[in-house]
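Only one structure is covered here, and it is reproduced in the block below.
As a basis for the values below, the full set of heavy atoms in this structure was taken, side chains included, without hydrogen atoms, waters or symmetry mates.
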Amino acid sequence: PVYTNTGYSLQRIETMEELKGRFEIERCYDRLPVKSEQYLKKRYFAHPMYQYVVYGIINPNKHCVGVIFTREICINGAKVLRIVDYRGDLRELGNIGNCIEELMADNGYEYIDLMASDLDETVMKRSGFALLAPEGANIIPNHFEPFERENIIIHYHKSVDVVIFKADGDQDRPNVSIA
């Protein structure tokens with residue numbers, strides 16, 4: 001589908017200092033675990049193996065209302081983008097469907113994926129994401145190091161009502177040794 005332009009945009013954030021200047025990073029958000037500046041800096045801006053691209057979600061009033069943390073994967077001649085983490089009001093994710101569509105077209109991504117627990121289905125549909133049917137025809141690999149062309153189900157347990165993203169559960173980590 002073609003998404004209506006909501007007036008929202010994505011703007012790349014290059015450094016931790018830029019992120020701190022544009023977004024209240026240590027604010028508590030409903031159903032999201034708190035993450036410190038030190039954690040975010042080390043995890044996304046100074047990772048020893050992965051290059052993350054951080055985008056601010058900019059609302060029509062030009063305020064940064066959320067931040068997505070992404071990682072591009074190039075494999076077998078294809079490029080995909082993973083949204084591995086998010087900070088902000090979870091409802092704001094529903095306003096970026098047009099941004100996701102533009103990001104895919106501008107970068108030649110085969111798809112953009114987002115793995116998270118317990119996100120509102122309406123918000124996800126508005127942002128352009130569809131729930132993966134593990135036994136369905138679409139394959140969204142979880143493992144790229146080494147590459148495994150299959151859908152997998154990740155089982156987890158949580159004792160509180162919290163939304164966890166791919167990077168929260170140590171699912172976005174290198175699976176190869178550092179030589």
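- Taking 4.5 Å as the limit, every side-chain heavy atom of R31 sits out of range of all side-chain heavy atoms of V162.
- Ring planes of Y52 and Y50: perpendicular class, angle over 60° (limits at 30 and 60°).
- Scanning for side chain to side chain contact (heavy atoms under 4.5 Å, CB included) contacts around Q11 gives S9, R22, I58, with sequence neighbours left out.
- In summary, D85 and K35 engage in a salt bridge, as defined by a charged side-chain N under 4.0 Å from a carboxylate O.
- When the side-chain hydrogen bond (donor to acceptor under 3.5 Å, both in side chains) test is applied to E102, no partner is found at least two apart in sequence or on another chain.
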Handout entry: L93 vs I68, side-chain contact (heavy atoms from CB on, under 4.5 Å): CA-CA, chis, key distance, verdict
Key = CA-CA 9 Å; L93 282 171; I68 57 174; 4.1 Å; yes
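- Applying the ring pair (Phe, Tyr, Trp, His ring centres under 6.0 Å) test to every pair with at least one member in residues 80-105, sequence neighbours left out, gives no pairs at all.
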Practice task
Show your working on side-chain contact (heavy atoms from CB on, under 4.5 Å) between L19 and F45 and close with a plain yes or no.
Solution key: CA-CA 10 Å; L19 177 60; F45 292 99; 4.0 Å; yes
Problem - Stepwise side-chain contact (heavy atoms from CB on, under 4.5 Å) check, V67 with V54 - result: CA-CA 7 Å; V67 180; V54 179; 3.4 Å; yes
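- Evaluation of the side-chain hydrogen bond (donor to acceptor under 3.5 Å, both in side chains) rule for K41 yields no partner, not counting sequence neighbours.
- Interatomic distance, I96 CD1 to I83 CD1, rounded to the nearest 0.5 Å: 5.5 Å.
- Note: M16 CE to K42 NZ = 14.0 Å, rounded to the nearest 0.5 Å.
- Residues satisfying the salt bridge (Lys or Arg N to Asp or Glu O under 4.0 Å) criterion with R27, sequence neighbours excluded, are absent altogether.
- Sorted by first and then second residue, the ring pair (Phe, Tyr, Trp, His ring centres under 6.0 Å) pairs involving residues 59-84 (not counting sequence neighbours) are Y44-F69.
- Scored by the side chain to side chain contact (heavy atoms under 4.5 Å, CB included) test, R91 finds D89 as partners (sequence neighbours excluded).
- Between F23 and C64, the closest heavy-atom pair is CD1-O, 3.5 Å.
- Checked against side chain to side chain contact (heavy atoms under 4.5 Å, CB included), V34 has the following partners two or more places apart in sequence or in another chain: C28.
- No side-chain N or O of E101 forms a donor-acceptor pair with one of N98 less than 3.5 Å apart.
- Here L81 contributes atom CG and T70 contributes atom OG1; the two are 4.5 Å apart, rounded to the nearest 0.5 Å.
- Remark: the backbone N or O of E26 is not paired with any side-chain donor or acceptor of E37 at under 3.5 angstrom.
- Between atom CG of residue L90 and atom CG of residue D120 there is a gap of 9.0 Å, rounded to the nearest 0.5 Å.
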Exercise for the section: Please assess I73 against R82 for the test side-chain contact (heavy atoms from CB on, under 4.5 Å), listing each intermediate value before the final yes or no. Expected result: CA-CA 8 Å; I73 299 169; R82 298 206 122 144; 3.7 Å; yes
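- Within 6.0 Å of the CD atom in Q38, the count of heavy atoms belonging to other residues, nucleotides or ligands does not exceed 12.
- A search for side-chain hydrogen bond (donor to acceptor under 3.5 Å, both in side chains) contacts involving N59 returns nothing, not counting sequence neighbours.
- Taking the side-chain hydrogen bond (donor to acceptor under 3.5 Å, both in side chains) definition, one finds that Q51 meets it with nothing, sequence neighbours left out.
- For the atom pair Y109 OH and M104 CE, the distance stands at 10.5 Å (nearest 0.5 Å).
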